[in-house]
Number of protein chains: 2
Amino acid sequence: MKLNDQEVAVELNGKRYHCAMDITMDYIGGKWKTVVLWYLRNDKKRFGELRKLIPQMTERMLSIQLKQLEEDGLIRREVFTDKPPLKVEYSLTDFGLSLLPVLDAVAKWGRELGQSNGKLVEIN
Amino acid sequence: MKLNDQEVAVELNGKRYHCAMDITMDYIGGKWKTVVLWYLRNDKKRFGELRKLIPQMTERMLSIQLKQLEEDGLIRREVFTDKPPLKVEYSLTDFGLSLLPVLDAVAKWGRELGQSNGKLVEIN
DNA sequence: GCAATAACTATCAAAAATGGTAGTACCGAA
DNA sequence: TTCGGTACTACCATTTTTGATAGTTATTGC
């Protein structure tokens, strides 16, 4: 790709980005990632808990999103096999926590838009 | 769609959203919208200017994004035919301006990630 | 009349994201 | 040894998004 004077290319993990927006959206873009991250913002959550919290999302999508978020280093996955029922907990890493200002801004805007239309928008 | 106790559904313009994140991401999601909005954050820009600023985006995509942003009420489109060369200017509406905190947060995070990897990330 | 500029639009194709459903792996309890 | 709980994974189909390129409209200057 040819770049002109105005352009600045950044390469991270083999991906080439055009600008700062690009980078962030690559991490949180798509239909579900922000939602999952939002539910993890305070506490760790188990797979099944997330399922119940976001019933619109299929198990398949939840699984895919969690895997990608883990690969991106935003969340960590901890497995507990010691005590009988298999337990897997997901939580934000420090890197994931650094996204909080973004998530807050996104949540705030959506909430305000919903409210200004007289609709209730709550979460958690 | 059946909703359980935890869920809150919001309906805006015929679309149903699950939560605040949903709403915002519907407005700014996708590969290009945040980039276009970012370039419009300070001044109005013409179609051709945006093209030059974002050469990776095809005219087709630029056209589609601008149209959607306009339909969503985030930007306005002004046509000037009085003086010879056809001129179309795009700028943020008040509604679009309300997104600035979100755009800032998104830009900041991406910029910092780029910088922490020793890469330069500039825009505009 | 003809080229040039600006702002699109149309067409076709490919890639990416999402959805629905069924099935698997691993335990311990009964 | 079958059963239930938990956390997935496989498979296939569909929808959505994006890309490449050529063509269109309108207008002015030459």
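Just the heavy atoms: all of them, side chains too, but no hydrogens, waters or symmetry mates, feed the values below.
- In terms of phosphate contacts, B:Ser63 brings a side-chain nitrogen or oxygen within less than 4.0 Å of OP1 or OP2 of C:dT9.
- When the P atom of D:dT9 is taken as reference, atom CD of A:Glu70 falls 10 Å away, rounded to whole Å.
- An OP1 or OP2 oxygen of C:dT9 is reached within less than 4.0 angstrom by a side-chain nitrogen or oxygen of B:Lys67.
- Look at CZ on A:Arg51: it is 12 Å from P on D:dC8, rounded to the nearest Å.
- Across the protein-nucleic acid pair, A:Ile64 atom CD1 and C:dG19 atom C1' stand 10 Å apart, rounded to whole Å.
- Across the protein-nucleic acid pair, B:Phe47 atom CZ and D:dA26 atom C1' stand 15 Å apart, rounded to whole Å.
- How far CG of A:Leu69 is from CD1 of A:Ile64: 12.0 Å, rounded to the nearest 0.5 Å.
- Taking OH of A:Tyr90 as the reference point, atom CG of A:Leu66 lies at 5.0 Å (rounded to 0.5 Å).
- Side-chain N/O atoms of B:Lys31 include none lying less than 4.0 angstrom from OP1 or OP2 on C:dA16.
- Computed from coordinates, the A:Met25 CE to C:dA17 C1' distance equals 14 Å when rounded to whole Å.
- Taking only distance into account, the side chain of B:Arg60 meets the base of D:dT18 through a donor-acceptor pair shorter than 3.5 Å.
- Here the straight-line distance linking atom CG of B:Asp22 with atom CD of A:Gln56 works out to 7.5 Å at 0.5 Å rounding.
- Residue B:Thr58 has its side chain nearest to D:dG19 when only D:dG19, C:dA7, D:dT9 are considered.
- Side chain of A:Leu86, nearest nucleotide from D:dA7, C:dC8, D:dT18: D:dA7.
- Rounding to whole angstrom units, CE of residue B:Met57 and P of D:dG19 are separated by 9 Å.
- Distance from the side chain of B:Arg46 is smallest to C:dA6 among D:dG19, C:dA6, C:dC8.
- Rounded to an integer number of Å, the gap from NZ of A:Lys33 to P of C:dA16 is 14 Å.
- Closest to the side chain of A:Tyr90, from the set D:dC8, C:dA7, C:dG19, is D:dC8.
- Atom CG of A:Leu62 and atom C1' of D:dC8 are 10 Å apart (whole Å).
- Closest of all the heavy-atom pairs between A:Arg77 and A:Val88 is CG-CG1, 3.7 Å.
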(request) Show the numbers, then the answer: is there a salt bridge (charged side-chain N to carboxylate O under 4.0 Å, His left out) between B:Glu71 and B:Lys67? (result) CA-CA 6 Å; B:Glu71 276 174 15; B:Lys67 193 166 296 174; over 6 Å; no

